[in-house]
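Just so you know, ligand 1 is whichever comes first in the structure, and atom 1 is the first atom listed for that ligand.
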Amino acid sequence: KNEGKKIKLIYTIPTGQNPSGATMSIDKRRHLLEIASKYDLLIIEDMAYNYVVLEGSSPPTIKSFDREDRVIPIGTLSKIMGTGFRVGWVVATDLIKKYVVSEKQPIDYCAPAISQYIAIEFLRRGVHKISIERSREVYRIKRDVMIRSIEEKIRGAEFSKPVAGMFLMLRLPNVDGTLFAENLMEKYKVAVLPGKPFYTDDKGRDMIRLNFSRPSIDDIKEAVDKIGVLYRELKS
Ligand SMILES: Cc1ncc(COP(=O)(O)O)c(C=O)c1O
């Protein structure tokens, strides 16, 4: 704004956000749309984690409140079919679709054909329904194990309980998250992401992002234990 540039678009992941794990309330979804309408902005609603809701039902999408064709929902099969397939989707007007195709084509020509055929069969055979149901259940169990382990093993850590997605952002007061992540990997072979690169300001400096979808329950317990050990080492 200071440079005289006009904002045109808002990008948001309202459900199970990566990296924070946060899910936007219905009031905030409506409010964001009001702001977009007031300032004539488009909203890209990334629905990557909409099918990974761990508690209750999926909140209404921002798109469901949209009467002005402002919201462009996008999604990926990566979180329900498997990572690496690189097949996603977009719901857009013909005009927007034209822009999407002309921007995407020079980047990768198209998603791999083999991935697209697998995706078609995955959906046609209804495997997504089984996958969604199973991952919701398994991830919920893993999330609860992670939370319980943090509460038991890392005194002073701050976090909020994610109701969707596969991430939990952990604040370790008075610790540099980037150094912490490096040390944790080198010393204890536990991989986490530092919070800082996810922020435009300094807010994420004492945070690390944990993932609870991939590791086994035993690995989650062990990893949280190691995070606690390193946190105590650095604090003392
Ligand atoms: C919000 C969000 N959108 C999209 C993706 C990736 O999608 P794809 O694997 O289709 O590139 C991710 C993966 O981490 C994500 O967190």
Option from Leu210, Asp225, Val145 for which side chain to side chain contact (heavy atoms under 4.5 Å, CB included) with Ile220 holds
Val145
Classify the ring geometry between His128 and Phe122 as parallel (under 30°), tilted (30 to 60°) or perpendicular (over 60°).
tilted
Which residue and non-hydrogen atom of the protein lie closest to atom 11 (O) of ligand 1, and at what distance in Å?
Arg86 NH1, 2.8 Å
Within the structure, is a non-hydrogen atom of Thr83 found at a distance of less than 4.0 Å from ligand 1?
no
Against ligand 1, does Lys79 come closer than 4.0 Å with any heavy atom?
yes
Which of these, Asp46, Ile74, Val87, Ile13, has its nearest heavy atom closest to atom 3 (N) of ligand 1?
Asp46
Given the rule in the side-chain hydrogen bond (donor to acceptor under 3.5 Å, both in side chains) test, do Asp27 and Ser25 qualify, once you have shown the distances and angles that lead to the verdict?
CA-CA 5 Å; Asp27 279 353; Ser25 68; 5.6 Å; no
Under 4.0 Å from any heavy atom of Ala48, which atoms of ligand 1 are there?
1 (C), 2 (C), 3 (N)
Is there a donor-acceptor pair under 3.5 Å between the side chain of Arg70 and the backbone N or O of Leu41?
yes
Looking at atom 7 (O) of ligand 1, what's its closest protein heavy atom, distance included?
Thr76 OG1, 3.5 Å
Sub-4.0 Å heavy-atom contact, Tyr49 with ligand 1
yes
Between the main-chain N or O of Ser37 and the side-chain N or O of Glu68, is there a donor-acceptor pair closer than 3.5 Å?
no
